[in-house]
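Data first, discussion second: the structure below is written as structure tokens.
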There are 2 protein chains.
Amino acid sequence: MNVSLDAGRLAGGRLYQRVAEQLAAIISEGEYSPGSRLPAERKLAERFEVSRPTIREAIIALELAGFVEVRGGSGVYICDGESDKLASTNLDVGPFDILEARILFEGEAAELAAKKITEQELAEVREALEDMVTENEGEPICEKADERFHMLIARATKNDAIVSVCSHLWALRNSSPVSARILEKVRQAGSKPRIEEHHAILEALEARDGAGARAAMREHLTRVIQQLLDATEAEAVEEARRAVMHNRERFNLIG
Amino acid sequence: MNVSLDAGRLAGGRLYQRVAEQLAAIISEGEYSPGSRLPAERKLAERFEVSRPTIREAIIALELAGFVEVRGGSGVYICDGESDKLASTNLDVGPFDILEARILFEGEAAELAAKKITEQELAEVREALEDMVTENEGEPICEKADERFHMLIARATKNDAIVSVCSHLWALRNSSPVSARILEKVRQAGSKPRIEEHHAILEALEARDGAGARAAMREHLTRVIQQLLDATEAEAVEEARRAVMHNRERFNLIG
DNA sequence: AGTTTATTGCGGTCTGACCAATTAGCTGGT
DNA sequence: ACCAGCTAATTGGTCAGACCGCAATAAACT
């Protein structure tokens, strides 16, 4: 039973990634039950019509993702971890979901940060904001400063879990192919008035105004969503949404 | 400048893991600055005295961990987000931070869930709660039901990013050795009145009372923190906190 | 100087081989 | 019939060398 490889062109062109995806797919579909052994590398190479090194690379990817356990001389065994992990590990999350989550979570984080932020951290946030202003033309730099701005606020909470969550949300945004496409459109459409909103957040932080920071953060992200909706024609949005729905069963395991 | 391999026997016997570790080490030590290019795979193979496939596997591990970016035909480049990602990817997050984050985030999630939850999902939540009640003696099962309860609420938001974040928080909790030690103490101390709190959340969800659900969730998690504080002697907490601080510099890159 | 084309280096992949650990199977004795 | 011990097949682990296509750079051409 051979499996066509070019079927799923979702992940990066790397061959091992596509193989790892398919491998993960057939595992999650129950072709091999948890705890059982996967076919030998050589057999898999034959089945997927790739070489053994490629299979090994794919297995390493699965191993690092926690899907399988490799026992030397014996075989590759499927971890008994729940399907929850599989489904949620690297699900392809759309940009709207991410922004909605950021509204909720970063709003709370900003409120907490306002109460805990130090003068030095405020200076760093201010610096990030200035970077956004001065280098507004260079998009990538601006975006980096944006990330820095938000992550600095998360860090100001002095809570590693919050930092981890915000970092995770940002990683979701950067890894999602759907997000990439839509964000590209937004970039083309230009994004000017973002600085004022960031400034409002900064002011609330400086005033140690928790509720104000929360409100400013929510306002800011809400406007981002609005802009995203405006910049994206309804048809494109629908297409993206459908793509997300379509990909939901599957999972891209490579970040 | 060759690097001895058998020096670090920390990770599993897999060669690629040891190589990946050393590679990550020399990167973090600044031998190659962020954004710059790593030596060619062949050169690295020569330097580490291993074969190219092994170097490739190590690079894949680093790539999956988010340390480097592989650009076909060009080279392997060190990601610029280094210190952020390194510090947050596998940071050992303490249970207090996690619970504080859950108070903020799951509170918001509960509020949103209350507005969107369906009858069927409510039934599932109810079922999870019943599992917690009936199997209160069997700790592991009870804990599983607890996770199910909270994740079902996250899922009820119909927002994959929120699901991903909650799953991420739970994974942090399960992976942290510090959390494990402290949570063990809490288990020994027993945890009875948790059911009422969960029930209050469920009732608010049933009433589609967003603010009420948020309040109930925050109340619940706040009490968990309180119980955690009570059950854990101050000295143990301090020890755990110190352990976290100590581990912050380091990073285990292999999951 | 600007544009196009060759060159060079790099990752991407394949083949085939040998080693080491594990395991199944066989052999022999009891 | 059963069990200990050994053998051999299987499997992952690693290596060496090769070829391809892409990318960046240098050279040649216009």
Side-chain angles (χ1 to χ4, degrees), chain A residues 2-23 27 32 35-79 254, chain B residues 2-23 27 32 35-79 254:
Chain A
N2 281 349
V3 182
S4 78
L5 275 182
D6 40 28
R9 264 244 167 268
L10 4 104
R14 306 278 275 280
L15 185 51
Y16 85 86
Q17 295 183 347
R18 277 176 283 165
V19 173
E21 242 179 77
Q22 302 214 354
L23 221 33
I27 288 175
Y32 304 99
S36 71
R37 219 196 55 195
L38 232 52
E41 290 181 352
R42 293 167 175 88
K43 300 285 183 187
L44 287 174
E46 188 183 343
R47 154 120 92 118
F48 286 95
E49 294 174 331
V50 296
S51 67
R52 194 151 87 95
T54 301
I55 290 290
R56 279 181 60 68
E57 294 176 346
I59 288 178
I60 284 174
L62 294 175
E63 181 192 16
L64 291 176
F67 288 79
V68 298
E69 176 191 354
V70 181
R71 262 173 267 174
S74 171
V76 180
Y77 296 82
I78 299 168
C79 287
I254 310 301
Chain B
N2 280 348
V3 182
S4 78
L5 274 181
D6 41 24
R9 264 245 168 269
L10 349 114
R14 305 276 275 273
L15 184 52
Y16 85 86
Q17 294 184 347
R18 275 176 284 164
V19 173
E21 245 178 75
Q22 301 215 353
L23 223 33
I27 289 175
Y32 303 101
S36 71
R37 220 195 58 198
L38 233 53
E41 291 181 352
R42 293 165 175 88
K43 298 286 183 188
L44 287 174
E46 188 182 341
R47 153 121 91 119
F48 286 93
E49 295 175 329
V50 297
S51 68
R52 194 151 88 94
T54 301
I55 290 289
R56 291 196 100 256
E57 293 176 347
I59 288 178
I60 285 174
L62 294 176
E63 181 192 16
L64 292 175
F67 287 83
V68 299
E69 176 191 354
V70 181
R71 262 174 264 173
S74 172
V76 180
Y77 296 82
I78 300 168
C79 286
I254 309 299

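Residue numbers start from 1 in every chain, and the chains themselves are labelled A, B, ... in the order their sequence lines are given, proteins ahead of strands.
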Applying side chain to side chain contact (heavy atoms under 4.5 Å, CB included) to B:Val76 and B:Leu44, what does each step give before you reach the verdict? CA-CA 11 Å; B:Val76 180; B:Leu44 287 174; over 6 Å; no
What I want to find out is whether B:Arg14 reaches B:Glu57 closely enough, with some N-O distance under 4.0 Å, to be called a salt bridge. no
Counting only side-chain heavy atoms from C-beta out, which of [options] sits nearest to [X]?
X       : options                : value
B:Arg52 : C:dG12, D:dC15, C:dC18 : C:dG12
A:Arg37 : D:dT14, D:dT11, C:dT13 : D:dT11
B:Ser51 : C:dG12, C:dT13, D:dT14 : D:dT14
B:Pro53 : C:dG11, D:dT11, D:dA16 : D:dA16
B:Arg42 : C:dT22, D:dT14, C:dG12 : C:dG12
B:Glu57 : D:dT14, C:dG11, C:dC14 : D:dT14
B:Ser74 : D:dA16, D:dA24, C:dG12 : D:dA24

Expressed as a whole number of angstroms, how long is the span from [X]:[atom1] to [N]:[atom2]?
X       : N      : atom1 : atom2 : value
B:Tyr16 : D:dC15 : OH    : C1'   : 18 Å
A:Glu49 : C:dG12 : CD    : C1'   : 18 Å
B:Gln17 : D:dT14 : CD    : C1'   : 15 Å
A:Leu44 : D:dT11 : CG    : C1'   : 12 Å
B:Ile60 : D:dT14 : CD1   : C1'   : 15 Å
B:Ile55 : D:dG13 : CD1   : P     : 17 Å
B:Glu41 : C:dG12 : CD    : P     : 6 Å
A:Tyr77 : D:dT11 : OH    : P     : 10 Å

Do the side chains of A:Leu23 and A:Val68 get nearer than 4.5 Å, heavy atoms only? no
Quick one: is [N] close enough that its OP1 or OP2 comes under 4.0 Å of any side-chain N or O from [X]?
X       : N      : result
A:Arg56 : D:dG13 : yes
B:Thr54 : D:dC15 : yes
A:Arg71 : D:dG12 : no

Hey, what do you get for CD (A:Glu49) to OG1 (A:Thr54), rounding to the nearest 0.5 Å? 12.5 Å
Rounded to the nearest 0.5 Å, how far apart are CD of B:Gln22 and CZ of B:Arg47? 9.5 Å
Both B:Gly73 and A:Pro39 contact DNA chain D. Taking the nearest nucleotide for each, which residue is further toward the 5' end? A:Pro39
Pairwise 5' ranking along DNA chain C for B:Lys43 and A:Gly72, keeping only the more 5' one: B:Lys43
